[in-house]
Amino acid sequence: MTVRTRFAPSPTGMLHIGGARTALFSWLYARHHHGEFVLRIEDTDRERSTDEATRVILDGLSWLGLDWDGEPVFQASRQADHVRAVEQLLEQGHAYRCYCSREELDKMREDQRADGKKPMYDGRCRHRTDHPEDQPYVVRFRSPDTGETIVRDMVLGDVAFNNAELDDLIILRSDGTPTYNLAVVVDDSAMAITHVVRGSDHLNNTPRQIQLYEALGLQAPCFAHIPLIHGPDGAKMSKRHGAVAITEYRQAGYLPEAVNNYLARLGWSHGDDEVFSREQLIELFDLEQVGKTAARFDQAKLDWLNAHYLRQAKPEDLVDEVQQLLNVDASQGPDLARVIASLQERSKNLVEVADGARFFYAAPEAYQEKAVKKNFRDTTWPLLERFLEGVEAMADWSGEAAHTLIQQVCEAEGVNMGKLAQPLRILVSGGPISPPIDLTLALLGRDEVLRRIHAGIKALRD
RNA sequence: GCUCCCAUCGUCUAGCGGUUAGGACGCUGGCCUCUCACGCCGGAAACAGGGGUUCGAGUCCCCUUGGGAGUACCA
């Protein structure tokens with residue numbers, strides 16, 4: 001039997017970090033077992049589903065590289081099948097029409113709660129035999145009253161539910177549309193899904209779904225409920241916890257391989273290893289190494305991984321993304337790939353790379369006050385003058401030459417390199433932080449360096 | 001409230017009856033150094049509590065406590 005998994009998001013919101021990890025685990029499981037990974041958009045809630053959300057979900061998955069097999073299935077398009085299943089259940093006595101009004105149900109639940117009981121449909125329409133034509137009705141599944149339903153979960157192990165705890169759930173709304181639990185069962189079966197990998201928030205639905213599989217005479221898939229991801233404060237992930245939509249990580253300069261690696265390690269592990277390429281993930285991932293405990297989202301660790309992958313990246317591969325974030329024309333100044341290379345090991349994301357690259361293409365308009373105060377004193381000016389003289393006299397311009405010149409000037413004046421390097425850095429970049437000074441000067445080019453130093457001296461000394 | 005799930009450093013985790021309880025992020029001391037980083041060396045830091053079972057329990061069982069999920073004509 002070839003493995004076939006699915007990711008089934010509802011297009012009612014963005015693809016967030018938790019959904020992305022569910023998709024990743026599901027995808028990894030399929031790829032590891034040389035199976036298939038398919039997509040189903042669960043848009044049966046017509047009120048809240050939007051095309052925009054669907055697009056964002058698909059974009060997010062594409063960005064992460066979680067490719068799916070075949071075309072996405074839109075659940076709403078499968079309504080005829082769902083209704084047919086409901087009719088079958090109705091005919092076989094596994095379901096019945098319920099004419100209770102919402103008000104009636106609300107009151108019932110309210111009363112039960114007041115009695116300290118679990119709110120459950122009490123089955124008052126179960127034995128109704130009349131079928132008033134003019135009254136709206138829903139169809140409910142006739143759930144067994146006795147015995148227990150066992151979920152054999154690949155992550156959590158066996159979980160037993162007392163059937164008496166499960167009430168008769170609605171499978172068809174009064175408007176004739178199917179509800180979630182019915183639709184998943186019918187579709188997972190129709191799509192030949194072998195393994196349902198989803199968030200553990202679905203665990204409580206699973207016994208109901210198993211009962212539906214049985215009633216419909218269908219084979220239930222294997223289930224794997226993976227633990228949820230919580231926000232940094234331990235509470236449920238929500239919009240309050242920073243960038244939740246996966247697309248926001250892209251905008252914030254994160255690399256997809258870093259996000260995948262981080263997400264994979266949230267709940268899954270392979271001994272003491274931390275860094276996994278996509279290929280390694282596919283090779284090593286399995287459900288057996290998935291833990292049961294919910295994890296908190298830790299931005300600091302994601303940052304570390306992102307910095308790691310950023311350092312490994314080929315500069316040319318980052319040019320387009322950085323150019324996007326730069327907001328200045330990089331075609332006139334130094335080669336952007338070389339500038340990126342100089343910034344990779346001192347940045348933790350692409351936004352920082354872009355920020356660090358900007359001065360290469362736009363001369364500073366101001367000099368950071370604090371840095372100027374710290375690094376400029378009366379003795380600085382003679383050093384700069386001598387450096388300038390040296391540059392003018394230089395035949396060729398290179399990083400090595402600049403380095404040697406700085407060294408010579410400093411030695412002659414009996415000061416360490418920082419006394420000259422820092423003022424130079426501030427003059428050419430506007431601040432106290434940049435790639436190594438010799439490399440920075442080489443990248444900028446002799447003319448631009450001279451221009452900036454003169455302008456800086458003029459601005460700061462006068 | 002009721003049902004279900006979970007519980008090792010601050011965080012992510014290794015551990016699958018006998019370990020000086022390991023790694024990683026973060027934090028921190030030092031080295032390197034023209035800045036910021038990178039890198040290297042070192043440090044602090046955990047088995048939620050209580051009962052069992054066992055020669056022996058972080059590992060198995062029960063209870064407590066603490067988190068979480070579900071409890072819709074949402075998915």
Side-chain angles (χ1 to χ4, degrees), chain A residues 8-13 42-45 47-49 75 98 100 102 105-106 109 112-120 136-140 151 153 155-156 159-162 164-167 169-175 177 179-181 183-184 199-207 225 227-228 230 232 234-236 262 265-275 289 291-305 307 311 343-348 356 371 375 403 406-407 410 416-426 429 431-438 440:
Chain A
S10 68
T12 52
E42 308 224 320
D43 55 350
T44 52
D45 183 350
E47 308 254 312
R48 300 190 301 155
S49 296
Q75 191 162 55
C98 167
C100 297
R102 289 171 205 253
L105 294 172
D106 286 345
R109 278 190 281 262
Q112 288 166 333
R113 236 184 272 268
D115 280 357
K117 289 199 287 208
K118 179 179 181 171
M120 282 173 46
Y137 64 87
V138 300
V139 177
R140 286 183 185 272
V151 178
D153 193 273
V155 171
L156 300 170
V159 183
F161 291 84
N162 208 318
E165 296 292 338
L166 308 170
D167 63 359
L169 80 162
I170 293 173
I171 53 180
L172 196 73
R173 300 187 184 96
S174 51
D175 66 358
T177 60
T179 58
Y180 169 71
N181 283 294
V184 228
S200 63
D201 50 337
H202 286 285
L203 181 61
N204 289 296
N205 288 322
T206 311
H225 290 94
L228 267 18
H230 294 158
K236 191 182 179 180
Y262 177 70
R265 283 288 292 105
L266 236 42
W268 173 82
S269 64
H270 183 263
D272 285 340
D273 300 341
E274 292 289 350
V275 179
Q289 284 82 234
K292 302 177 178 180
T293 60
R296 292 191 193 199
F297 184 78
D298 182 16
Q299 176 96 22
K301 187 152 184 186
L302 205 210
D303 284 345
W304 170 74
L305 270 170
R311 264 176 262 134
L343 292 162
Q344 278 174 287
E345 72 178 20
R346 63 201 84 244
S347 311
K348 49 181 194 293
N375 294 288
H403 186 82
I406 293 170
Q407 252 179 343
C410 290
N416 60 37
M417 269 180 72
K419 289 286 184 293
L420 175 55
Q422 276 308 80
L424 283 174
R425 174 171 279 120
I426 293 164
S429 78
I433 297 170
S434 87
I437 192 64
D438 47 358
T440 301

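Lettering of chains follows the sequences in order, A, B, ..., and the numbering in each one begins at 1.
B:rA21 and B:rC38: their P atoms are spaced 32 Å apart (whole Å). Across B:rC47 and B:rG42, the matching P atoms stand 25 Å from one another, rounded to whole Å. Comparing the P positions of B:rG26 and B:rG39 gives a spacing of 9 Å, expressed to the nearest Å. To the nearest whole angstrom, the two P atoms, one in B:rC63 and one in B:rA72, are 27 Å apart. Rounded to whole Å, the C1' atom of B:rU64 lies 16 Å from the corresponding atom of B:rC6. Spacing of C1' atoms, B:rC40 relative to B:rC32, comes out at 8 Å, to the nearest Å.
Scored by the ring-ring contact (aromatic ring centres under 6.0 Å, His included) test, A:His270 finds no partners at all (sequence neighbours excluded).
Put simply, A:Arg425 has no side-chain N or O that comes within less than 4.0 Å of OP1 or OP2 on B:rC36. Side-chain nitrogen and oxygen atoms of A:Arg109 include at least one within less than 4.0 Å of the OP1 or OP2 phosphate oxygen of B:rC73. Under 4.0 angstrom from either OP1 or OP2 of B:rC6 there lies at least one side-chain N or O belonging to A:Lys292.
Note on A:Thr293: only backbone sugar-phosphate atoms sit closer than 4.0 angstrom, heavy atoms only; bases stay farther off. Using a 4.0 Å heavy-atom cutoff across all strands shown, A:Arg102 reaches at least one base atom of the nucleic acid. Counting any heavy atom pair closer than 4.0 Å across all strands shown, A:Lys117 reaches a base atom. At the heavy-atom level, A:Ile437 lies under 4.0 Å from base atoms of the strands shown. Residue A:Val159 is in sugar-phosphate contact alone, with no base atom involved, counting any heavy-atom pair closer than 4.0 Å across all strands shown. A:Asn416 comes within 4.0 angstrom of no nucleic acid atom, judged by non-hydrogen atoms across all strands. As judged by a 4.0 angstrom heavy-atom cut-off over every strand, A:Pro435 is placed among the base-contacting residues. Residue contacts for A:Gly267: at a heavy-atom cut-off of 4.0 Å it reaches the sugar-phosphate backbone alone, with no base atom in range. No contact: A:Thr12 has no heavy atom under 4.0 Å from any strand. Note on A:His202: a base of the nucleic acid sits closer than 4.0 angstrom, heavy atoms only. Contact annotation for A:Arg296: backbone-only contact, meaning every heavy-atom pair under 4.0 Å involves sugar-phosphate atoms and none involves a base. As judged by a 4.0 angstrom heavy-atom cut-off over every strand, A:Tyr262 is placed among residues making no nucleic acid contact. Residue contacts for A:Ser269: at a heavy-atom cut-off of 4.0 Å it reaches the sugar-phosphate backbone alone, with no base atom in range.
One interatomic measurement links the two molecules: CG of A:Leu302 to P of B:rU11, which rounds to 18 Å at whole-angstrom precision. The distance between atom CG of A:Leu266 and atom C1' of B:rC6, rounded to the nearest whole Å, is 15 Å. Nucleotide B:rA72 holds its P atom 11 Å from the CG atom of A:Asn205, rounded to whole Å. Straight-line distance from the CZ atom of A:Phe297 to the C1' atom of B:rG10: 16 Å, rounded to whole Å. Rounded to whole Å, the distance from CG on A:Asp303 to P on B:rC12 is 16 Å. In this structure, A:Glu345 places its CD atom 12 Å from P of B:rA37, rounding to the nearest Å. Straight-line distance from the CE atom of A:Met417 to the P atom of B:rU35: 9 Å, rounded to whole Å. Rounded to whole angstrom, the span from the CD atom of A:Gln422 across to the P atom of B:rA37 amounts to 12 Å.
Here the nucleotide nearest the side chain of A:Asp438, chosen from B:rC34, B:rA24, B:rC5, is B:rC34. With B:rA75, B:rC25, B:rG1 as the choices, the nucleotide that has an atom nearest any side-chain atom of A:Thr44 turns out to be B:rA75. Nearest nucleotide to the side chain of A:Arg265, out of B:rC73, B:rC38, B:rC12: B:rC12. Set against B:rU71, B:rU11, B:rA75, the side chain of A:Pro119 has B:rU71 as its closest nucleotide. Out of B:rA75, B:rG68, B:rC34, the shortest distance to the side chain of A:Tyr180 is found at B:rA75. Of the candidate nucleotides B:rG22, B:rU35, B:rU3, B:rG22 has the atom nearest to the side chain of A:Asp272.
Between the side chain of A:Arg346 and the base of B:rC38 there is no donor-acceptor pair of N/O atoms closer than 3.5 Å. At a cut-off of 3.5 angstrom, counting only N and O atoms as typed in the model, there is a donor on one side and an acceptor on the other between the side-chain of A:Glu274 and the base of B:rG23. Under 3.5 Å, the side chain of A:Ser200 and the base of B:rC5 form no donor-acceptor pair of N or O atoms. At a cut-off of 3.5 angstrom, counting only N and O atoms as typed in the model, there is no donor on one side facing an acceptor on the other between the side-chain of A:Asp201 and the base of B:rG70.
Under the Watson-Crick or G-U wobble criterion, with both distances below 3.5 Å, B:rC36 has no partner in any strand shown. When both distances must be under 3.5 Å, the Watson-Crick or G-U wobble mate of B:rU20 does not exist. Within the shown strands, B:rG52 is the pairing partner of B:rC60 under the Watson-Crick or G-U definition, both distances less than 3.5 Å. Across the strands present, B:rU3 finds its partner in B:rA69; the criterion is a Watson-Crick or G-U wobble pair with both atom distances under 3.5 angstrom. Remark: B:rG42 base-pairs with B:rU28; criterion is Watson-Crick or G-U wobble with both hydrogen-bond distances under 3.5 Å.
Using a 4.5 Å heavy-atom threshold, the side chains of A:Ile406 and A:Asp438 count as separate. Between A:Asn204 and A:Phe161, some side-chain heavy-atom pair lies under the 4.5 Å cut-off.
For A:Ser434 (side chain) and A:Arg425 (main-chain N/O), no donor-acceptor pair under 3.5 Å exists by modelled atom type. Side-chain atoms of A:Arg311 do not come within 3.5 Å of backbone N or O of A:Gln344 as any donor-acceptor pair. A:Tyr180 places no side-chain N or O within donor-acceptor distance of the main-chain N or O of A:Asp45, the cut-off being under 3.5 Å. Looking at A:Thr440, its side chain does come within 3.5 Å of a backbone N or O of A:Pro435 through a donor-acceptor pair.
Nearest heavy-atom pair, A:Gln75 versus A:Ala183, reported as atom, atom and distance to 0.1 Å: NE2-CB, 3.3 Å.
Place A:Pro436 and A:Ala300 on RNA chain B by their nearest nucleotides, and A:Ala300 ends up nearer the 5' end.
The distance from atom CD of A:Gln407 to atom CG of A:Leu420, rounded to the nearest 0.5 Å, is 11.0 Å.
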